Amino acid sequence: MSDLPRKAVTRTAKLAALPLGMAGRATWGLGKRIGGYSADLVGQELQQRTAEQLFKVLGELKGGAMKFGQALSVFESALPEEVAGPYRAALTKLQEAAPPMPVATVHAALAERMGADWRELFEEFEDKPSAAASIGQVHRGVWHDGRPVAVKVQYPGAGEALLSDLNQLGRFVRLLGPLIPGVDIKPLVSEMRDRLSEELDYELEARAQRAYAEEFADDPDVRVPDVVYQCDQVLVTEWLEGVPLADVIREGSREERDRAGQLLARFLFSGTARTGLLHADPHPGNFRLLTGDAPDGPPEQWRLGVMDFGTVDRLPEGLPPTIGVALRMALDGDAEGVHELLCDEGFIRPSVELDPDAVLEYLLPIIEPAQEEEFVFSRDWMREQAARIADPRSPAYQLGKQLNLPPSYLLIHRVTLSTIGVLCQLGAQVRMHEEMEAWVPGFLPEEDEEEYFDGTEDEAEVTGTSA
């Protein structure tokens, strides 16, 4: 497939075939059960076949369909290994590439948006895309001032396709739930629909990226490429040369995985604290590991390159202090305090009565990474949490059904969960507690927090920098 299928009827037909295919496979599975195969074995085969079809269709359609697939792909680590293994390649492929637009379509789009003389802005422009994603594709080029650049061109009709896809996916989203146990997919689709206009607005994206690039300009751990040029549906940024995070997930050494995981956790928390913006699309295709002038040097010298700021949450005061305070109380075993705080913030509705000790018992396994000095994220741990929350026979499942997620926390929750999914794919050992102490408001006890910020301010005065 070489172009974005734009007609709603074409896209709807392809997406509508997904639940029909699932129904057909369910009938096939029933036949195999009657034939004497075990329920577990048949269930695994059904899950595998469903996922193979799902991600093939989503990748071909791009638009909202592919964006949905990318969002799901970071939860691959929650699946049983015997199910996840055969189609992991299909999932990770969504994170890095999709069928490209024809060259003629790209040229016509650039001429329409940048002017007929658009080629004069470039010393070089590669017709073959270096990456193709959900609503646009990226071409490598050299700007007229000699800088290597990435040129993101939005697919013609992307807005129409996004809305059509998300509306269609919303109609049968419950059928996709079993693919990723423990993840409520319906709010994921709703939140994507709500952010549709922001995804398509490259001016908003350019502003967010400039804010990050300015803040992290001299950072030793994180690099954000600056914006070079922006117009309607075209965004030109500095080129990032590095190792795709998906490659580190697939074949990185232990040291490389740990470094990538630490940098990812640091960026998750520090980015919002420093810019007032939450980078809200943490799938591996948006990250590179930058090896600098020493590609064979130790991973400790690597930096994290961050791309794609099309989806951000605006949090001018940083993460809500409630998050840090609730985590600290939970780690301290203060069940009553956690319960009261969750009630005040709307996580527990006034009409719902829950035992504070049961709430604490529900939370502690999930927040284990924040408790340990160093925590090893793993697919086994992710599967254990998913199974605990998704099993209707589990007390955690029954309690989780009674909790509420306030809208203001929805995107923060999804980004955190997605990042944890990537950390589990990496199998990284991460000093999560250290990052949260440094960057999450309320996580430190009040007196320690004051001492910490006093220390960073003193240091800032000495070095002439700002925290």
Side-chain angles (χ1 to χ4, degrees), residues 78 182-184 265-266 268-270 272-273 278 315 317-350 352-378 380-391 394-421 423-424 429-452:
V183 175
D184 190 352
R266 184 165 301 160
L268 168 67
F269 296 119
S270 70
T272 307
L278 174 68
L315 302 169
E317 303 301 320
L319 292 172
T322 305
I323 295 173
V325 173
L327 283 169
R328 173 164 50 81
M329 285 180 170
L331 295 178
D332 290 343
D334 184 359
E336 295 289 343
V338 170
H339 182 269
E340 183 179 352
L341 192 59
L342 294 181
C343 288
D344 290 344
E345 289 295 307
F347 287 92
I348 299 176
R349 296 185 180 94
V352 175
E353 292 187 11
L354 294 176
D355 176 38
D357 289 326
V359 173
L360 184 62
E361 186 178 347
Y362 172 87
L363 292 174
L364 283 176
I366 303 171
I367 65 174
E368 186 183 0
Q371 185 172 23
E372 306 291 335
E373 185 175 339
E374 291 187 321
F375 184 80
V376 179
F377 289 88
S378 69
D380 286 343
W381 177 80
M382 186 77 162
R383 290 181 198 121
E384 182 181 337
Q385 300 309 314
R388 184 176 70 94
I389 294 171
D391 186 349
S394 164
Y397 173 84
Q398 299 301 329
L399 190 146
K401 281 173 51 178
Q402 300 178 75
L403 293 176
N404 176 54
L405 184 62
S408 60
Y409 287 90
L410 178 60
L411 197 55
I412 297 171
H413 175 74
R414 178 168 77 81
V415 171
T416 304
L417 194 60
S418 298
T419 303
I420 289 173
L423 293 175
C424 289
Q429 180 169 298
V430 178
R431 300 183 303 280
M432 183 69 79
H433 189 95
E434 174 185 309
E435 301 298 340
M436 297 185 76
E437 281 190 339
W439 301 110
V440 178
F443 186 72
L444 282 171
E446 192 169 13
E447 61 274 13
D448 293 343
E449 193 171 73
E450 290 174 0
E451 180 181 330
Y452 172 79

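Sequence positions, counted from 1, serve as the residue numbers for this chain. Since this is a predicted model, take the numbers as computed values, not measurements. When reading the values below, keep in mind they use all heavy atoms of this one structure, side chains included, and skip hydrogens, waters and symmetry mates.
Ring centroid separation for the pair H433 and F443 comes in under the 6.0 Å cut-off.
Under the 4.5 Å side-chain criterion, counting only non-hydrogen atoms from C-beta, V352 is not in contact with C343. Proximity of V415 to T419: side-chain heavy atoms (C-beta onward) are separated by under 4.5 Å at one or more points. Counting heavy atoms from C-beta outward, D380 and E384 have side chains that stay 4.5 Å or more apart.
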Do Q429 and F375 pass the side-chain contact (heavy atoms from CB on, under 4.5 Å) test, and can you show the C-alpha distance, the side-chain angles, and the key distance before you say yes or no?
CA-CA 5 Å; Q429 180 169 298; F375 184 80; over 6 Å; no
Would you sort out whether D334 and E336 count as a side-chain contact (heavy atoms from CB on, under 4.5 Å), showing the intermediate values?
CA-CA 6 Å; D334 184 359; E336 295 289 343; 4.2 Å; yes
Run the side-chain contact (heavy atoms from CB on, under 4.5 Å) test on T322 and Y409 for me, step by step, so that the C-alpha distance in whole Å, both residues' side-chain angles and the decisive distance to 0.1 Å come before the verdict.
CA-CA 11 Å; T322 305; Y409 287 90; 3.5 Å; yes
Quick one: do R266 and M432 satisfy side-chain contact (heavy atoms from CB on, under 4.5 Å)? Show the steps, please.
CA-CA 8 Å; R266 184 165 301 160; M432 183 69 79; over 6 Å; no
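A 6.0 Å sphere centred on CD of Q398 holds more than 12 heavy atoms belonging to other residues, nucleotides or ligands. By the neighbour-count criterion of 12 heavy atoms within 6.0 Å, atom CD of E374 is densely surrounded, having more than that number from other residues, nucleotides or ligands.
Across D357 and A335, no two heavy atoms sit closer than the pair OD1-CB, 3.4 Å. Smallest separation of non-hydrogen atoms from S378 and C424: O-SG, 3.4 Å. When all heavy atoms are compared, the tightest approach of P365 to W381 is O-CZ2, 3.6 Å. In terms of heavy atoms, I389 sits closest to Y397 at O-CD1, 3.0 Å. The shortest non-hydrogen separation linking V440 to G324 is CG1-CA, 3.7 Å. Taking both residues in full, the closest heavy atoms of L405 and F347 are given as CD1-CE2, 3.8 Å, listed atom of the first, atom of the second, then distance.
Note that the CD atom of Q402 and the CD1 atom of I348 stand 9.5 Å from one another [nearest 0.5 Å]. We find the CG-OG1 distance between L319 and T416 to be 7.5 Å, quoted to the nearest 0.5 Å. The CD1 atom of I367 sits 7.5 Å away from the CG atom of L360 when rounded to the nearest 0.5 Å. With values rounded to the nearest 0.5 angstrom, E368 atom CD is found 5.5 Å from E372 atom CD.
No side-chain donor-acceptor contact under 3.5 Å links T272 to the backbone of G318. Side-chain N or O atoms of R388 include none that pairs as donor or acceptor with a backbone N or O of A396 at under 3.5 Å. In terms of modelled atom types and a separation under 3.5 Å, the side chain of H339 and the main chain of L354 share a donor-acceptor contact.
A side-chain contact (heavy atoms from CB on, under 4.5 Å) with L363 holds for exactly one of L403, L342, L399, L331; it is L342.
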